[in-house]
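This report refers to the structure that appears directly beneath it.
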2 protein chains.
Amino acid sequence: MEKKIKLDDVARLAGVSKATASRVLNHRGYLSQKTIDKVHQAMEDLNYRPNAIARQLYKQETMLVGLIFPTINNPYFAQLEAALEKCLYNEGYRAVMGNSENNAKKEENYLQLLLDRQLDGLIVGAHNPEIPAYHKTSLPIVSIERVVSNQVPVVSADNYEGGRLATQRLLDDGCQHIIHTNYPGGFASPNQARESAYRDLMSQNDRPAIVYQVPFDEPEDQKLVRIRKIFEEHPEVDGIFADNDTNARLALTAATEAGRRCPEDIKIIGFDGADMTRLLLPELTTIQQPIQEMAEAAVELLKEKIAGEPAVQYRTLPVKLVEGTTA
Amino acid sequence: MEKKIKLDDVARLAGVSKATASRVLNHRGYLSQKTIDKVHQAMEDLNYRPNAIARQLYKQETMLVGLIFPTINNPYFAQLEAALEKCLYNEGYRAVMGNSENNAKKEENYLQLLLDRQLDGLIVGAHNPEIPAYHKTSLPIVSIERVVSNQVPVVSADNYEGGRLATQRLLDDGCQHIIHTNYPGGFASPNQARESAYRDLMSQNDRPAIVYQVPFDEPEDQKLVRIRKIFEEHPEVDGIFADNDTNARLALTAATEAGRRCPEDIKIIGFDGADMTRLLLPELTTIQQPIQEMAEAAVELLKEKIAGEPAVQYRTLPVKLVEGTTA
DNA sequence: CTGAAAGCGCTAACAA
DNA sequence: TTGTTAGCGCTTTCAG
């Protein structure tokens, strides 16, 4: 930096007091046009830039919101965070990227930033139930798809309906042996509702529910190994409802390897329906989440939280089935 | 918030001065074990959290780095920013997401955050040449794949080599009519080097170079319309070198629509080779960028810049061809 | 080893 | 309409 110019310097050059300079900076209070001009002139001459931190210290706000998600290197989270960033930006907030990588330490560290008042709020889509600080009531936190604590509003897609749509579609397609992939971790993951819908429909149709566990943070080739087993252990399978699109993709690969044609021999439906997936794999039939709407709702709720409004709420948004050729 | 506890409160409860409390907080200076314990005890009792902004005001640093890229909703940028976040995190920095959406206003706004000292540095992968502030020498900025100004170090993949690899491969495959897609904007985009390599090789092999313009920020269906034209206007085409993987994907779609089989009738090579693309579209043969290494290099250079080391440098990292079945 | 005091750069009562 | 003054919460000389 050159020498850093502060408000004092501006004031001195303009021949006014620091307070007056501050007033013209913030368009606040009564000012004569003459001083306004003088001060503006001085600011220009000195190339003055206000120091954001100093202002923040006084205001006790940074206009920064943290985004805690497992990773951004994934079609769903990438689109969701892009939408969140845009909504936040429009409200004057900037987004701090917090990729937790399912690492409790890292997640907690980002939570600290909030506690240390470097962040005005948090939108979380990852959650390690071990972390106690979440339970501190009244912190400005909003969750997406995860129940964090009963103090934290949750914005969520209608996962049950999504599971129902997918399963029903496979049934309507005439599938007799439908298998579901999901990941373990019973507590409060959004996927549980998808699985429940699947189980309910299967049971209503007197068919056995079979669920294969595919942990979220395993490397892709490991997941593929697990999914291949479906075809080894259940050669009769003729329908797969995957808990997300990348697993659906792996199912497609495994099916092809096993000599099945899709959709003739086996039908596959995924979940998420993010832009990138639709672009790269348009043939996949999937349940599409209302990503944009979820982002908007989350930001809206967060604003209320930051404003101190109590509002513990659950917001559930509708999903829809988008047609491909795999089911 | 409950009532906010400050260092004064801690000091009072521990029966020491604010200065001493600050010392134990920062493990600085000589302290007797007894006071250390007392102060720690008081901190625990009061559930003290230091105010990050106050500290920043003194230190004049926020440990925040801005990431300015067109969007994060894209396989390449998502992976790149994920890698950057991780590298920055390991160095103690947090990443502020700045999706410029090719909007000069938004890009400039993020640049302001740097000028206003809310950010310690910037890593930019988007660049609107209109913006003058970049030229202020000595700002801690590093660029990825874009020449911003001669004061800003650039980390880049070996785009020329990538273009060469791709074109050579198509030639080796026996393609007679190879077409390249790229986007307009001659100045300093990384894609220009890819195109140059293509043109050089075509000319060396006495073949005409044909380039179709596909603007970066058009919607995908528009891009598809443009790419379809290739098959209408040049039915003899038997090889396509796309400037990125999503365009390669569109070329694949257009080819199929036109009744071509890939790779029998037409061969296609993309560029980028991001994880997500590899996962969703593994059949695509493409030139893979060293995303991880680029992120590491950028963070390293940025650290030097922030430390005030002059170091105007260009760093070029090797690419490689990854095999799929489309070429 | 510890305390008093100054100051990081800005904002906002309160006077004038 | 403008200036004076007192902080925002923390760190760090400088004395003791």
Side-chain angles (χ1 to χ4, degrees), chain A residues 1-40 42-43 46-64 112-120, chain B residues 1-40 42-43 46-64 112-120:
Chain A
M1 303 267 162
E2 303 89 11
K3 49 211 143 190
K4 26 191 169 171
I5 312 296
K6 45 180 165 175
L7 205 49
D8 259 335
D9 304 320
V10 173
R12 196 168 314 121
L13 180 60
V16 300
S17 78
K18 211 171 46 155
T20 305
S22 172
R23 285 195 193 93
V24 345
L25 188 57
N26 298 288
H27 314 96
R28 215 185 300 293
Y30 302 96
L31 279 326
S32 76
Q33 190 57 47
K34 210 170 64 183
T35 47
I36 293 181
D37 294 341
K38 269 191 310 189
V39 173
H40 276 146
M43 286 180 175
L46 295 174
N47 209 316
Y48 170 73
R49 304 252 82 214
N51 181 316
I53 311 176
R55 182 182 269 148
Q56 289 167 11
L57 177 59
Y58 187 91
K59 301 241 178 188
Q60 294 293 359
E61 67 174 15
T62 59
M63 300 309 283
L64 253 26
Q112 305 260 359
L113 292 187
L114 176 64
L115 265 10
D116 295 348
R117 283 84 112 218
Q118 180 151 20
L119 261 29
D120 289 352
Chain B
M1 306 263 162
E2 304 91 10
K3 48 209 143 194
K4 25 192 171 169
I5 312 295
K6 43 180 167 175
L7 204 50
D8 258 334
D9 304 318
V10 172
R12 198 169 312 121
L13 180 60
V16 300
S17 77
K18 213 171 42 156
T20 305
S22 171
R23 286 196 193 92
V24 346
L25 187 58
N26 297 290
H27 315 97
R28 215 185 301 293
Y30 303 96
L31 280 325
S32 76
Q33 189 59 46
K34 212 170 60 183
T35 45
I36 293 182
D37 293 341
K38 271 192 306 188
V39 173
H40 276 146
M43 286 180 177
L46 295 174
N47 208 318
Y48 171 73
R49 305 252 81 214
N51 181 316
I53 311 175
R55 186 187 257 135
Q56 288 167 11
L57 177 59
Y58 187 91
K59 300 239 176 188
Q60 294 293 356
E61 67 175 12
T62 59
M63 300 309 283
L64 253 26
Q112 305 260 359
L113 292 187
L114 176 64
L115 265 10
D116 295 348
R117 282 85 114 218
Q118 180 152 19
L119 262 31
D120 288 353

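So that the names make sense, note that chain A is the first sequence line, chain B the second, and so on, each numbered from 1.
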Q | From CG (B:Leu64) to CG (A:Leu64), nearest 0.5 Å | A | 5.5 Å
Q) When rounded to the nearest 0.5 angstrom, what distance separates OG1 in B:Thr20 from CG in B:Leu7? A) 9.5 Å
Q | Pairing of B:Asp9 and B:Lys6 as salt bridge, 4.0 angstrom limit | A |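 Salt bridge flag = no for B:Lys6 with B:Asp9.
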Give a yes/no answer on whether the side chain of [X] brings an N or O atom under 4.0 Å of OP1 or OP2 in [N].
X	N	value
A:Lys18	D:dT4	no
A:Thr20	D:dT2	no
B:Arg28	D:dT12	yes
B:Ser32	C:dT2	yes
A:Ser22	C:dA12	no

Return the minimal non-hydrogen interatomic distance between [X] and [Y], and the atom names on each side.
X	Y	answer
A:Leu114	A:Leu119	CD1-O, 3.3 Å
A:Lys18	A:Asp8	CD-OD1, 3.1 Å
A:Leu25	A:Tyr48	CD2-OH, 4.0 Å
A:Ala14	A:Ala42	CB-CB, 3.9 Å

Closest approach to the side chain of [X], judged atom by atom: which nucleotide of [options] is it?
X	options	answer
B:Lys4	D:dG3, D:dG9, C:dT11	D:dG9
A:Leu7	D:dT13, D:dT2, C:dT11	C:dT11
B:Thr35	C:dT2, C:dC10, C:dA12	C:dT2
B:Val16	D:dG9, C:dG3, D:dT1	C:dG3

Q | Contact check, side chains of A:Val24 and A:Val16, non-hydrogen atoms, under 4.5 Å | A | no
(Q) What I'd like to find out is whether the side chain of B:Ile36 reaches to under 4.5 Å of the side chain of B:Gln33, using heavy atoms alone. (A)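 They are in contact (side-chain heavy atoms under 4.5 Å apart), so the answer is yes.
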Calculate the interatomic distance between [X] atom [atom1] and [N] atom [atom2]; express it in whole Å.
X	N	atom1	atom2	answer
A:Arg117	D:dC10	CZ	P	7 Å
B:Asp8	C:dA4	CG	P	11 Å
A:Asn26	C:dC10	CG	P	10 Å
B:Lys34	C:dC1	NZ	P	12 Å
B:Ile5	D:dC10	CD1	P	10 Å
A:Leu25	D:dT2	CG	P	15 Å
A:Arg12	D:dT4	CZ	P	13 Å
A:Tyr30	C:dA15	OH	C1'	16 Å

Q. Mapping B:Gly15 and A:Arg23 to their closest nucleotides on DNA chain C, which lands nearer the 5' end?
A. B:Gly15
(Q) I need the residues from residues 50-62 of chain B with at least one non-hydrogen atom less than 4.0 Å from DNA chain D; give them sorted by number, or say none. (A)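 Result for residues 50-62 of chain B: B:Pro50, B:Asn51, B:Ala54, B:Arg55, B:Tyr58, B:Lys59, sorted by number.
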Q.
With each end axis built from five pairs of C1' atoms, what bend angle do you get for the helix from C:dC1-D:dG16 to C:dA16-D:dT1? Round to 10°.
A.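 End axes: 40° apart.
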I'd like a table of donor-acceptor pairs (distance under 3.5 Å, sequence neighbours excluded) in which one partner is a side-chain atom from residues 49-61 of chain B, with atom names and distances.
unit_1, atom_1, unit_2, atom_2, d
B:Arg49, NH1, A:Gln112, OE1, 2.5
B:Arg49, NH1, A:Asp116, OD1, 2.8
B:Arg49, NH2, A:Gln112, OE1, 3.1
B:Asn51, OD1, B:Ile53, N, 2.8
B:Asn51, OD1, B:Ala54, N, 3.1
B:Asn51, ND2, A:Gln60, OE1, 3.3
B:Arg55, NH2, B:Asn26, OD1, 3.2
B:Gln56, NE2, A:Gln118, OE1, 3.2
B:Gln60, OE1, A:Asn51, ND2, 3.3
B:Gln60, NE2, B:Leu57, O, 3.4

